[in-house]
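Data block below; observations after.
All values reported here derive from a predicted model rather than from experimental measurement.
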Amino acid sequence: MVVPQKTKLSFDFFSKRFGKISTYFFFILFSLIVLLPFYWLVRSSLLQAKDLLKIPPIYFTLDLTPRNFITLAEQIPFYEYTRNSVVLALGSSLVSVSISYMAAYAFARIRFPGSNFLLWTLILSLALPEIGTIVPLYRTLNAFKLLDTLNGLILVLSSAMIPFTVWVLVSFIKQVPYEIEEAAIVDGANIFQIFWRVLIPVTAPGLVTMLLINFVGAWNNLLFPLSFSASPQSKTLSVAITEVYAGYSPYGKPWELITTIGVVMVIPVIILVLFSQKAIVRGLTGGAIKG
Amino acid sequence: MNKKSNPIEISQVNSTLVKVSPWRLSLGKLAARRYLLFIILVAPAFLLRISTAAYPILQTIYLGFTNLNILGGTNEFVGLENYLQMPYDYGVRGAFTFTVIFVLASTILNLVIGLLVALLLNTSFSWRPFARTINLIPWAIPTIVAGYLFRWLLDDQFGMIPHWVYITTGERMVALISPWGARISVILVQVWKEAPFMAIVFLAGLQGIPEELYDAAIVDGANVWQRFWRITIPLVAPLVITLGMFRIVWSLANFDLIFGLTFGGPGVATSVLSLRIFQEGILFFKFGFASAISVVLLILVGITGLIALRLFRRYDVTY
């Protein structure tokens, strides 16, 4: 005979059936699976090349060296690559969110027969595989002299992120009660004032969230810089890591350098995510659940 | 403020904005202003998408009918020759087969493990905030870094994972050297990278289930299994289907992971269509052939989309 308990989460599958012990077992398993690769990445970047090739592998040692970071900075145009990654990520997230916000407002507040269809066309365009557009885009960018430029990359990358951003922002804006805008209209505000004084402050959390998600997406992107960049003028860290991977060292692949640049790519994003976990989750689920 | 005040009065006060919420457009001069505003707001987004996605796709479809080769200097319309050649092309055949295997296997695993992780993250225990935070790490890591990282982790000589396998079972693991070992590795790494995102969305879905349902079930004498299968699963099913469809489409487009982890090897064992397109186009400069393969990929995406529409209609997904 089951006696209903007054626990807060009475539908806990794990804790009811298997008890706290198994919950913690799965939690530890989960944490190990998620964190161990990350640990291995950092460990490999802090070891000397010859220490990496020991059998059995060294799991823990205090004999660390930052030399790999220095070597990396000497062998590749580190400053340019990092600058490009930052500019690309910032630029495309700003462009994408601005354009998406305007469009999202229009879709959320102005409706007419066919507007929903237009919205879905825009959103579903995220299903188009980017790899299928590389060849024509290469030729187009070449014609406009945008190859190997950050501007060209920002253009292409921000466009790629618009559908998802619009999707999420539409549901965020729809949650803002229209009465607020009504009040502003009665007070004589024009469209710009409504945007800046009313809407943006109210939807600021959603905006920040989408900026973060777009930043992470642009920072991690490989395909576009790989296809459209030719020189450190516009190559990003993601391309850089493929170049390091293709390099040679006396021991075979330069894993100590590969993991080093991996760490450089990963640390900023990890820090961002750690501090804004709730915001990012809200953004990632905003489109799917409330849409 | 009296909301029932005469709409006409409001329009006389402010000529730009007429009707009150939400703006239902009809014909008329002032409605024309609304259409104009709509067009202005929406134009940049549509212009960008059309110029960088829609039009290039059309160009790709056209290029698929040519034999454009930058290196060979050919550029003629050859009709279906590219497509007829594909079944005989070793690389494309292998890529097509594994693409289907990869997409289906990784999506199913992603959904299952995503759901399990979501259940874990929904359970109340003191370390839960920590678990929810580290859950985002695989999602945040650049895919190419994950590819190289696991290439290193699975290295048959110096990698951590084969070492563990050797310690516990005495077997030498050759994950990335044998064809099926590489395939399984690719699928599992994909799951490592993508299941956390699934878990986040499923978690939101789980949190939306009203607790009263479970309470009522407990009162009616349902045990944990029955509560899970009769309440949780049906309520989460639409979300699973939606996410599954997205996952399939995204897996089809996936490039970075296999590029880094195996580059399609050994041989073409882990080659997928997106990688094949890259190789034929950017490496071999056979733009025409690469475009034809892109069209095949597009067809796969389209089929998935149609299946998705069917499923959404049937299950009345209202997300």
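With a threshold of 4.5 angstrom between heavy atoms, A:Phe27 approaches chain B through its backbone and through its side chain. Both the backbone and the side chain of A:Ile33 come within contact range of chain B, judged by heavy atoms closer than 4.5 Å. Heavy atoms of B:Ile141 lying under 4.5 Å from chain A belong to its backbone as well as its side chain. For B:Phe130, the part lying under 4.5 angstrom from a heavy atom of chain A is the side chain only. Contact annotation for A:Leu274: both backbone and side-chain heavy atoms come within less than 4.5 Å of a heavy atom of chain B. Contact annotation for B:Val117: only side-chain heavy atoms (C-beta onward) come within less than 4.5 Å of a heavy atom of chain A. For A:Tyr24, the part lying near chain B is the side chain, with the backbone staying farther off; criterion is any non-hydrogen pair under 4.5 Å. For A:Leu155, the parts lying near chain B are the backbone and the side chain together; criterion is any non-hydrogen pair under 4.5 Å. When heavy atoms are compared at a cutoff of 4.5 Å, A:Thr140 approaches chain B solely by way of its side chain, counted from C-beta outward. Of the two parts of B:Thr304, neither the backbone nor the side chain holds a non-hydrogen atom closer than 4.5 Å to a non-hydrogen atom of chain A. The contact between A:Val34 and chain B is made by backbone and side chain atoms together, counting heavy-atom distances below 4.5 Å. Contacts between A:Leu237 and chain B at a heavy-atom distance below 4.5 Å are absent for every atom of the residue. Using a 4.5 Å cut-off between heavy atoms, A:Ile162 contacts chain B through its side chain alone, with no backbone atom that close. Looking at A:Ile270, only its side chain comes within 4.5 Å of chain B, counting heavy atoms on both sides. Proximity to chain B (any heavy atom under 4.5 Å) is restricted, for A:Thr259, to the side chain, taken from C-beta onward.
Relative ring orientation between A:Tyr245 and B:Tyr148 is described as parallel, the plane-to-plane angle staying below 30° on a 0-90° scale split at 30° and 60°.
Considering B:Asn135, B:Leu203, B:Thr133, B:Ile200 as possible partners of A:Val281, the one that fulfils the side-chain contact (heavy atoms from CB on, under 4.5 Å) test is B:Ile200.
In this structure, CG on A:Leu126 lies 7.5 Å from CZ on B:Arg49, to the nearest 0.5 angstrom. Atoms CD and CG, on B:Gln59 and A:Leu137 in that order, are 8.0 Å from each other to the nearest 0.5 Å. Of the inter-residue distances, the one linking B:Asp256 atom CG with A:Asn221 atom CG reads 7.0 Å to the nearest 0.5 angstrom. One distance of note links CZ of A:Arg111 with CZ of B:Phe38; it measures 11.0 Å at 0.5 Å rounding. The CD1 atom of B:Ile282 lies 4.5 Å from the OG atom of A:Ser227; values are rounded to the nearest 0.5 Å. Distance check, rounded to the nearest 0.5 Å: CG of A:Leu222 to CD1 of B:Ile144 gives 5.0 Å.
Using a 4.5 Å heavy-atom cutoff, the side chains of B:Leu298 and A:Leu128 are in contact. Annotation: side chain of A:Ile110 is in contact with side chain of B:Leu37 (closest heavy-atom distance under 4.5 Å). Taking 4.5 Å as the limit, some side-chain heavy atom of A:Val273 sits within range of a side-chain heavy atom of B:Trp139. For the pair B:Pro138/A:Phe38, no side-chain contact is recorded, criterion being any heavy-atom separation below 4.5 Å from C-beta on.
Residues B:Trp152 and A:Ser44 bring a donor and an acceptor atom of their side chains to less than 3.5 Å of each other.
Ring to ring, B:Trp250 and A:Phe164 are not that close: their centroids are 6.0 angstrom or more apart.
With chain A as partner, the option from B:Ser294, B:Pro56, B:Ala253 having the largest number of non-hydrogen pairs under 4.5 angstrom is B:Pro56.
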